[in-house]
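Letters go in sequence order (proteins before strands), and every chain restarts at 1. No hydrogens, no waters, no symmetry mates; every other heavy atom, side chains included, goes into these values.
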Protein chains: 2
Amino acid sequence: MNVRISIDDIAKIAGVSRGTVSRAFNERSDINAKTREKVLRISKKLNYFPNPSARGLAKGRSECIGIVVPDLKNPFLPEMVSSIGKSAEKYGMSSLLSITDNNIMMQEKILVKMSSGQVDGLLITPCESPESIAMLNTMNSKLPIISLKHFERLQCSSVMFDDMLGAKLIIEHLAELGHKKIAFLSPTSPEWSIKQRLVACNDALQSFNIGYRKHYKLQNSGSSHNLWEEIKELVFSGAEKNPPTAIFAYDDIIALHALKAAESCGLKVPDDISIAGFDNISFSEMAGVPLTTVAVNSERLGETAIDLLMRILKSANRHEEIHHIMLKPELIVRKSTSSPVIK
Amino acid sequence: MNVRISIDDIAKIAGVSRGTVSRAFNERSDINAKTREKVLRISKKLNYFPNPSARGLAKGRSECIGIVVPDLKNPFLPEMVSSIGKSAEKYGMSSLLSITDNNIMMQEKILVKMSSGQVDGLLITPCESPESIAMLNTMNSKLPIISLKHFERLQCSSVMFDDMLGAKLIIEHLAELGHKKIAFLSPTSPEWSIKQRLVACNDALQSFNIGYRKHYKLQNSGSSHNLWEEIKELVFSGAEKNPPTAIFAYDDIIALHALKAAESCGLKVPDDISIAGFDNISFSEMAGVPLTTVAVNSERLGETAIDLLMRILKSANRHEEIHHIMLKPELIVRKSTSSPVIK
DNA sequence: GCATCTCGTCCGCTCGGGTTC
DNA sequence: GGAACCCGAGCGGACGAGATG
């Protein structure tokens, strides 16, 4: 019943030695095409596949890549994970997924385990703490690591979307529509990408000679259920004396909440206020008012990251290579932005 | 630089034998607490963790569970995957994720590899084909498999939400609101769960003496971008002579598209038409009109599935055990349903 | 000499019998 | 006679030197 079939069984049935079966599965040249075919045919019939643990031990690599993310709440992340997984599969690599919940201890535990030979390389959306960055810098000499965000002082390769360019595209779009009062709406947390987008915002506003600078900071984290109520309070309450005519939200989730907040106050989007997001998650297209946003092709992100990782893994002097790849985002104009209505 | 530290290094530094280091990492009793602590302290300092491949080979198990899903598009799936991953982590198990894209060949390839010792157990949302089911039935004798859906003739354990009860709750809710014309809106595919919900629908309608039976079948698959346009055509076009006053959508995604379709035709939800979904994905709460739906707690699903898998793995006669666990869903009434307005 | 195959060693660890105090 | 530890075999496969034709 539970007999696990091994390389010896296949060898015996095929009438060859263990080594030959091994060669059949390892794309080595010193094996007759007919023999290989025969071995593979028999293996397939018996659902045999070389034991990955034994293989990993003998080869010194696991043929497995690690994916470490804080959560899968923002739809952008599952899209990315899915694309990473499928790209890895193309190289014959399996994917080990771990969720850190943004907990540094958890991340550390996972990284130690993964770097002990469980995976050959690592794609990570890291926690943003000095300890976390220090640890990644250390690990990177043992294990190729690709960060899916970038931070100051992070010394490993990264693949990410160009935050600054994305923000610039949005601000330019809004400014060109004639908006003079554009606010940025983001979580409070000191995330690198928030900082980047804010800087790009201000730069762009300056280049349009717009002096209005408002940065609304949300207390609740990104996926909180009543985020829109907080936004309502923060942005659309009567307390705001000089309200913006356009809002650039840090991401689509926040933009969608802003949309709901505006509508719940009787405001029409985009007539009364324009709203733009970032990420182009699938729901942004089918919101009540389809969202203007910046598209970051998560498919391409995953593919690029895996391609880079595989290139690094094949490279002899992998430790000297650090690549930073910035993917260009694209402006997607939908219905949630328009010229401000003069009243 | 790239020196991989091994059990022997730790043993040497700690002044003990390899076996003792091993015992420290394996919760075995025959080791002095002080010795264990010392070994673990040294290991931690050097970021040492026993090589999982070597461990897997020696132990005959990988301490890894496999998660196989068609995709991560419907937000329900990432939620489930995330919860599975975190629950597995609690047992010290890593999670190997694979995306099949609903491709049977891909699923087969993945299953063969995983069952070759890559994972100790498997959670899967399987492709619905006879070959797929046959393969799972075969594999189940080699590897504990838990299906996250149930089908006829599937002979392995399953953990899932009670489709029929969920559908019943929705129909009862709508009927009690006074609806007499309730339509079911689902994809065309012959999925088991669609069939289940349809049957439960009809049963419930019958028990309320409602003769109106309309089943709208969508051609596009669940996550298509212009699904709402298809719904508009199918349900809200003038062609429909006897339109329903309430729609029960197969899942929240479809319900949200239906919402958009209705609104794009100038219909008010719920005044002109009630709409209900299934799954309670996070967006259903913050849609323009918050969605009445059936909540299936994905956290609990993941946890239950892993608990069951671990129980099976520990059980001596695992091959004789087949468990089917049905989780009870819960009705969530929001704003998208109300009594029909008499005109 | 070349294509193809066999054989023995080793990968890093776990496990349990044997040993020590 | 335990508690705590050492030691050697073996897990399944990769690999390369040597054998065979």
Side-chain angles (χ1 to χ4, degrees), chain A residues 2-40 42-43 46-64 92 112-113 115-120 142, chain B residues 2-40 43 46-64 92 112-120 142:
Chain A
N2 200 14
V3 280
R4 194 141 274 163
I5 182 166
S6 89
I7 197 172
D8 286 313
D9 302 316
I10 301 293
K12 203 175 295 172
I13 296 171
V16 297
S17 76
R18 252 156 68 223
T20 303
V21 177
S22 170
R23 286 201 299 284
F25 273 97
N26 285 283
E27 300 175 1
R28 279 171 49 163
S29 55
D30 53 347
I31 179 175
N32 187 299
K34 285 220 173 96
T35 314
R36 146 177 292 141
E37 207 180 325
K38 182 178 179 190
V39 168
L40 293 183
I42 291 172
S43 301
L46 299 178
N47 278 340
Y48 168 77
F49 191 86
N51 181 306
S53 290
R55 235 181 168 178
L57 184 57
K59 288 204 208 194
R61 57 200 146 84
S62 60
E63 322 251 83
C64 211
V112 169
K113 187 166 180 185
S115 69
S116 66
Q118 195 178 29
V119 303
D120 298 334
K142 296 192 358 185
Chain B
N2 201 14
V3 282
R4 194 140 274 163
I5 182 164
S6 90
I7 197 172
D8 286 314
D9 303 316
I10 301 293
K12 203 175 295 171
I13 296 172
V16 296
S17 76
R18 244 157 72 224
T20 303
V21 176
S22 170
R23 286 202 298 283
F25 273 98
N26 285 282
E27 301 177 359
R28 277 170 51 162
S29 56
D30 52 347
I31 178 174
N32 187 300
K34 286 220 173 95
T35 314
R36 146 177 293 138
E37 207 181 325
K38 182 177 179 189
V39 168
L40 293 183
S43 301
L46 298 179
N47 278 339
Y48 168 78
F49 191 86
N51 181 306
S53 291
R55 230 179 173 180
L57 185 57
K59 287 204 209 195
R61 56 200 147 84
S62 61
E63 321 252 83
C64 214
V112 168
K113 187 164 180 187
M114 283 193 172
S115 70
S116 66
Q118 196 178 30
V119 302
D120 298 334
K142 295 192 0 184

> Along DNA chain D, 5' to 3', what are the outermost nucleotides having an atom less than 4.0 Å from a heavy atom of chain A?
Replying inline: D/dG12 to D/dG16

> Between A/Phe49 and B/Ser116, what is the shortest heavy-atom contact and its length?
Replying inline: O-CB, 3.2 Å

>> Quick check for you: to the nearest 0.5 Å, what is the distance between B/Ile10 atom CD1 and B/Ile5 atom CD1?
In response: 4.0 Å

> More 5' along DNA chain C: B/Asn51 or B/Arg23, using each one's nearest nucleotide?
Replying inline: B/Asn51

> Between C/dG12 and B/Tyr48, is there an OP1 or OP2 to side-chain N/O distance shorter than 4.0 Å?
Replying inline: no

>> Using a heavy-atom cut-off of 4.0 Å across all strands, would you classify A/Asp30 as base, sugar-phosphate, or nothing?
In response: base

> B/Phe25 has an atom CZ; how far is it from atom P of C/dC13, in whole Å?
Replying inline: 9 Å

> Is there a residue in residues 8-18 of chain A whose heavy atoms reach under 4.0 Å of DNA chain D, and which residues are they?
Replying inline: A/Arg18

>> Could you check whether any side-chain N or O of B/Ser22 sits under 3.5 Å from a backbone N or O of B/Arg18, counting only pairs where one atom can act as donor and the other as acceptor?
In response: no

>> I need the minimum non-hydrogen distance between A/Val119 and A/Ser62, along with the two atoms involved.
In response: CA-OG, 3.2 Å

> Given atom CD1 of B/Ile31 and atom C1' of C/dC15, what is their separation to the nearest angstrom?
Replying inline: 14 Å

>> Looking only at the side chains, is there a donor atom on one of B/Asn47 and A/Lys142 sitting less than 3.5 Å from an acceptor on the other?
In response: no

>> At 4.0 Å (heavy atoms only), tell me whether B/Gly60 reaches a base, stays on the sugar-phosphate, or touches nothing.
In response: nothing

> Can you check the B/Arg28 CZ to C/dT14 C1' distance for me, whole Å?
Replying inline: 7 Å

> What is the minimum heavy-atom distance between B/Ala24 and B/Leu40, and which atoms define it?
Replying inline: O-CD2, 4.1 Å

> Just checking A/Ser53: base, sugar-phosphate only, or nothing, at a heavy-atom cut-off of under 4.0 Å?
Replying inline: nothing

> Do B/Leu46 and B/Ile13 have side chains that get closer than 4.5 Å, going by heavy atoms?
Replying inline: yes

> Once you round it to whole Å, what is the distance between C1' of C/dC10 and CG of A/Leu57?
Replying inline: 9 Å

>> Heavy atoms only, 4.0 Å cut-off, all strands: where does A/Thr20 land among base, sugar-phosphate and nothing?
In response: base

>> So which atom in A/Ser6 and which in A/Asp9 form the shortest heavy-atom distance, rounded to 0.1 Å?
In response: N-OD2, 2.7 Å

>> Just the rounded figure in Å: distance from P of C/dC5 to CG of A/Asn26.
In response: 15 Å

> What heavy-atom pair brings A/Gly117 and B/Asn51 nearest, and what distance separates the two atoms?
Replying inline: CA-ND2, 4.3 Å

